[in-house]
Structure formats: structure tokens, C-alpha cells
Amino acid sequence: MAGKSAEATGFLGAFLLHDLMRDTTATVYCLVRGEDHDAALARLPANMEWYGVWEAVDADRLAIEVGDLAEERLGLSEERFENYPLRRVLRTGRPLPPGPRSGTGGLTARRGRT
């Protein structure tokens, strides 16, 4: 099956990645913000574990792509963007507003009632 791309560090993306892993045999490419590949790689399991869906992820079918929705070409080099090995991109995120990025772009996520 052709690869699919998803953003998996938000609520919708986490569950989309969970379902893609469960329902397909595709390699799933995830665009993740980070200073480098290791930082991006650390963000994904932390988010998925927070939502309780990391156990469905098959690491052999997961490809992390360091990038940013707010950047031109998703923050990828021109060469990487032009040669991206995908047929379908599932966009579940939105560009974050300018400013310091603590992982939430100034937005606050809460569980349960406040």
C-alpha cells in the first residue's frame, strides 16, 4: 500500500494515526515540529501516550518527518518536498500563530472539567 502522511501531535492526528496503523498496512509519514529528528521523534510517543493510543503504533511502519505547517513547503527542503514519497496527505492540523512555541502555540489543552 502507498504511504500516507498525517500530523499526529494533536488530538485528531493522534487518533488518525491510531486508525491508520490499525486499519492499513501502509507506512505512515508524520510531520512533526522539532529542532531535529530526535526531538520530533520524542514528541510523537509522548502525545500518543497522553491520549492512550501509542500501543497501536507499529514503529516499523512509522516515518517521522521534521517540519512545520506554518513554513513554506511544510518546512521541508525544496528537494525533499519535490521528491516526497507520498500519494496522499491527510492534514489534520493548522498552522500555529507566530510566537514562542511551547508545543501548544499558546493554546491550553485540558482534560476533564475545569
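When all heavy atoms of Leu76 and Val66 are compared, the pair lying nearest together is CD2-O, 3.5 Å. Annotation for Ala40 and Val32: closest pair O-CG1, 3.4 Å, computed over non-hydrogen atoms. When all heavy atoms of His18 and Met48 are compared, the pair lying nearest together is N-CE, 4.3 Å. What you find for Gly34 and Ala39 is that their closest heavy atoms are CA-CB, 4.4 Å. Contact detail for Pro45 and Ala42: the closest heavy-atom pair is CD-O, 3.6 Å. The two residues Leu31 and Gly67 have their closest heavy-atom pair at CD1-CA, 3.4 Å.
Here the straight-line distance linking atom CH2 of Trp54 with atom CE of Met21 works out to 7.5 Å at 0.5 Å rounding. The OH atom of Tyr29 sits 11.5 Å away from atom CD1 of Ile64, with the distance rounded to the nearest 0.5 Å. A distance of 9.0 Å separates CG of Asp58 from OG1 of Thr27, quoted to the nearest 0.5 Å. In this structure, Arg61 CZ and Leu20 CG are separated by 8.5 Å, a value rounded to the nearest 0.5 Å. Summarising the geometry, atom CG belonging to Leu74 is positioned 11.5 Å from atom CZ belonging to Arg80; distances are rounded to the nearest 0.5 Å.
Using a distance-only test at 3.5 Å, with no hydrogens or angles considered, no donor-acceptor pair links the side chain of Arg33 to the main chain of Arg43. A donor-acceptor pair is defined here as one N or O able to donate and one able to accept, closer than 3.5 Å; no such pair exists between the side chain of Arg22 and the backbone of Ala56.
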- request: With side-chain contact (heavy atoms from CB on, under 4.5 Å) as the test, would you mind laying out the steps for Val28 and Val57 before giving the verdict?
  value: CA-CA 10 Å; Val28 181; Val57 174; over 6 Å; no
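The number of heavy atoms from other shown groups lying within 6.0 Å of CD (Glu55) is above 12.
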